[in-house]
Every structure is written in C-alpha cells, then in structure tokens.
Amino acid sequence: MKTQIAPVRTSTQRADAIEAAVYLLTGGYPVALPTETVYGLAAWALNPDAVFRIFNAKERPKFDPLIVHLPSVDWLKDLCVIPKDDLDLVQKLTDRFWPGPLTLVLPRNPIVPDVVTAGLDTVAVRISAHPLFKEIIEGFGQPLAAPSANRFGRISPTTAAHVFEELGGRIHLIVDDGPCEIGVESTIVIPCKGVLWVMRDGPVTRRQLWDFAEVKTLPRKKLPQGPGQLKSHYAPRTPLTLLPPDTVPLPAGRGPVGLLAWCSPPLVKGFAHIEILSQTGNYQEAAATLFSKLRILDSMGMNSIVAESVSEEGLGIAIMDRLRKASGNG
Ligand code: TXA
Ligand code: MG
C-alpha cells in the first residue's frame, strides 16, 4: 500500500487533505491525523470493520481498548450512560477541559462496538482541540476511535515523519500539520462517586484536577489490561536507564552511550550523543520534544541511553511516567 503524506500549508492543500481524510474515513479506512497531544490513527468508531483496521495497522492486541474522539459534547449522551451521582462532576470537567487533552472513562452505551472497548463496559472519550482534527471530525460528523499512530509498544509519534516511520505502507494517508503542540498523550481519568481516579498522567495535571474533586491513583491491579499500563510501553529499541533524581550521569558500560539530559550538558565527557529536553528548564518545551528526542537517540546506534530524572511537579509527572515506561519500569 502506498502511504501519502498530505501537507496543509496552503488553503488548497488543507481543503484537499480534509476531503481525502473524510472520504477515507467514510469508506472505513484509518487515517493518521494530528491532535494537540500526539498523532492519532483515526477510524470510524461505530464501524467495527474500520476499527479492526486500526488494530491491524498497529499490530495492537485486541484486549487494549481505544479512545473515542467526539465531534461535539452532544455525542457524550449517545455513547455514555453517566450515573446520576457523577453527572455534575462530568459536566464541570467537560466545561473546563474540552476540547483538550483530558480523556474520561465512563460507562458505555451499547452502540459503541465491543472492538473499541475490548468488551469492557466503559468507553474512553475526549474531544481534541487541534483545529485541523476538529475540522475533519466535524466534516465527517461521527466519532473517531484514535489511538496513538505508532506500532504496538513503540514511542508515540509527534510528527508526520514519525508516523511514516511507524506505519508507512500500512495506511493510505497521513495528514501533516507539523509537530504536535503538547507532545505527550492525554490525561486519562475515571470519575466515580466524587473521586477522580487517574489512569494515565498527562497534560491536564493532578493539581488542575484537584479543583474539581479528590484525585487518586487507580491501583495497577484495577487497571484494564492495556499496554498504556504495561510496564514497558513507549519504549525505544535501545535499552534506556532512568537515573534517580540528582545523580550525575556517567556514560557507563561498553559502546556508545546517549544521554537525554534535562536542562544542561553533563559535567562529564564521554557521551556519544546528547539531547537536552529544555535549556530553560521549561516543562512544556520538555514534553513537546520528549518523544522526538527519544526517537533521535534511538536511531543513532547507541548501546544504551541514559535519561536524567525530571522533578515530579505539574507536567513533570507525565514526563517521568513516560520515561519510566521507556525504561521498562512504568
Ligand atoms: O492523547 C491521546 O490520548 C492520544 C490521542 C491520539 O488522542 N491517544 C492515545 O491513545 O494515547 P492510546 O490508545 O495510545 O492510549 C489509550 C489508553 C490505552 O492505554 C487504553 O488502555 C486506555 O486508554 N483505555 C481506552 N479505553 C479504556 C477503557 N474503557 N477503560 C480503561 N482504559 C481505557
Ligand atoms: Mg499509545
């Protein structure tokens, strides 16, 4: 299969890309689309054949449920059955954070196909704030199931070129609207009886969520069996070691060692390649470039990669979660 990358630099290109994307989605084919977090592989959520094609392209195991992206908040009542006790909290969260990088896991309506939810009685939903994604989903007029557009277990893509590396030859179209603004996947929470259970830390921080409800971490044993929760997810192929906080990085071991540094070059020499997350120590910048920098280090033929810890406040919590998973210790 030939994979086309559709740029959207001019208004004509943009209109053409939207038309092609809507055409393919309507035919039941998956299309890679930018969102504000990472690139997603989107397909018509209410068409099981279309959703199967996502699993095939990604080689994703069927036990891992997908996030459904809604064209508008009106769709929430069609896809979910929100218990009375949680209605007020859900309303407040959607008013505040949608469109945006917050995914809510809610009891589902039977119209959501089993393949989307891996047979669970809940469905994960969000509305993307990406302008082009919004135009495409509004043009299509139906919900889109969209996991990150990478092969199973690999680093999420934040550019069209990353998607091509992952899925080139497996899908028809990648819509290229440049790098994703946020760079890490959405925060996932389960609202239940006044408590927000965090399943995945992300751009909407715990501190922001505390304004709405008590925030707790969902115990691992209560998590559904999804790779997002597996210990080694978002993994580079090169072994990665995450250093404890305030440790001086050393290029230990044989062969070339790469370093993913937080904000300044290392004190010692000897690293074969160094990537710095943010020279100014800015979490937004670090999150936006984290996956590209991991990919660069992973492509350089290093024997191993050493990553510095980031302090766990605000977005730093999501960055550390991804680094732990990249090190196989999530
Ligand atoms: O930012 C994002 O969330 C991106 C963009 C494309 O929207 N999507 C994304 O999807 O990261 P994915 O499939 O890579 O991660 C979705 C996670 C999975 O770990 C899955 O286990 C969990 O959401 N999930 C989906 N439905 C669920 C459900 N009903 N219950 C519990 N977890 C669920
Ligand atoms: Mg993913």
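A quick note: this is a predicted structure, and the numbers were derived from the prediction, not measured. Each ligand, and each atom within it, is numbered from 1 in the order the structure gives.
Every N/O-N/O distance between T103 and ligand 1 stays at or above 3.5 Å. At least one N or O atom of R126, backbone or side chain, sits closer than 3.5 Å to an N or O atom of ligand 1. When only interatomic distances are considered, the shortest N/O to N/O separation between T122 and ligand 1 falls below 3.5 Å. Residue S186 places at least one N or O, backbone or side chain, under 3.5 Å from an N or O of ligand 1. Below 3.5 Å of separation, one finds an N or O of S148 facing an N or O of ligand 1.
Side chains of R295 and T158: no donor on one and acceptor on the other come within 3.5 Å. Looking at R200 and S186, their side chains do bring a donor and an acceptor atom within 3.5 Å of each other. No donor-acceptor contact under 3.5 angstrom links the side chains of T280 and N282, judged on distance only. Judged purely by distance below 3.5 Å, without hydrogens or angles, the side chains of W44 and Q142 pair a donor atom with an acceptor atom.
With hydrogens and angles ignored, the 3.5 Å screen pairs no side-chain donor or acceptor of W75 with any backbone N or O of L79.
Annotation for ligand 1: atoms under 4.0 Å from non-hydrogen atoms of G40 are 6 (C). Listed by number with element, the atoms of ligand 1 under 4.0 Å from a non-hydrogen atom of H69 are 5 (C), 7 (O). Atom numbering of ligand 1 starts at 1 in the shown order; those under 4.0 Å from a heavy atom of M199 are 31 (C), 32 (N). Those atoms of ligand 1 that come under 4.0 Å of a heavy atom in E185, given as number and element, are 1 (O), 2 (C), 11 (O). Those atoms of ligand 1 that come under 4.0 Å of a heavy atom in R200, given as number and element, are 2 (C), 3 (O), 9 (C), 11 (O), 15 (O), 16 (C), 17 (C). The D64 neighbourhood of ligand 1 comprises atoms 18 (C), 20 (C), 21 (O), with distances under 4.0 Å to a heavy atom of that residue. Heavy-atom contacts of T37 reach the following atoms of ligand 1: 1 (O), 2 (C), 4 (C), 5 (C) (cutoff under 4.0 Å). Interface of A124 with ligand 1, defined as ligand atoms under 4.0 Å from a residue heavy atom, comprises 25 (C), 26 (N), 27 (C), 29 (N).
Only side-chain heavy atoms of I188 come within less than 4.0 Å of ligand 1; its backbone N, CA, C and O stay farther off. The side chain of R60, and not its backbone, has at least one atom closer than 4.0 Å to an atom of ligand 1 (non-hydrogen atoms only; side chain from C-beta on). Here T117 has no heavy atoms under 4.0 Å from ligand 1, in either its backbone or its side chain.
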Given the rule in the side-chain contact (heavy atoms from CB on, under 4.5 Å) test, do T205 and I317 qualify, once you have shown the distances and angles that lead to the verdict?
CA-CA 8 Å; T205 62; I317 300 177; over 6 Å; no

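Considering each of G119, A32, P65, P157, the one bringing a non-hydrogen atom nearest atom 27 (C) of ligand 1 is P65.
At a cut-off of 2.8 Å, S148 coordinates the Mg ion (ligand 2) through an N, O or S atom.
Within 6.0 Å of the OH atom in Y29, the count of heavy atoms belonging to other residues, nucleotides or ligands does not exceed 12. Around the CD atom of E19, the shell of radius 6.0 Å holds no more than 12 heavy atoms that belong to other residues, nucleotides or ligands. For E181, the CD atom is loosely surrounded, since the number of other residues' heavy atoms within 6.0 Å does not exceed 12. Other residues, nucleotides and ligands contribute at most 12 non-hydrogen atoms within 6.0 Å of the NZ atom of K92.
For the side-chain hydrogen bond (donor to acceptor under 3.5 Å, both in side chains) with T35, the lone residue among H69, E185, R126 that qualifies is R126.
Using 4.0 Å as the threshold, P101 has no heavy atom nearer than that to any atom of ligand 1.
Atom OG of S148 is separated from atom CD1 of I155 by 11.5 Å, given to the nearest 0.5 angstrom.
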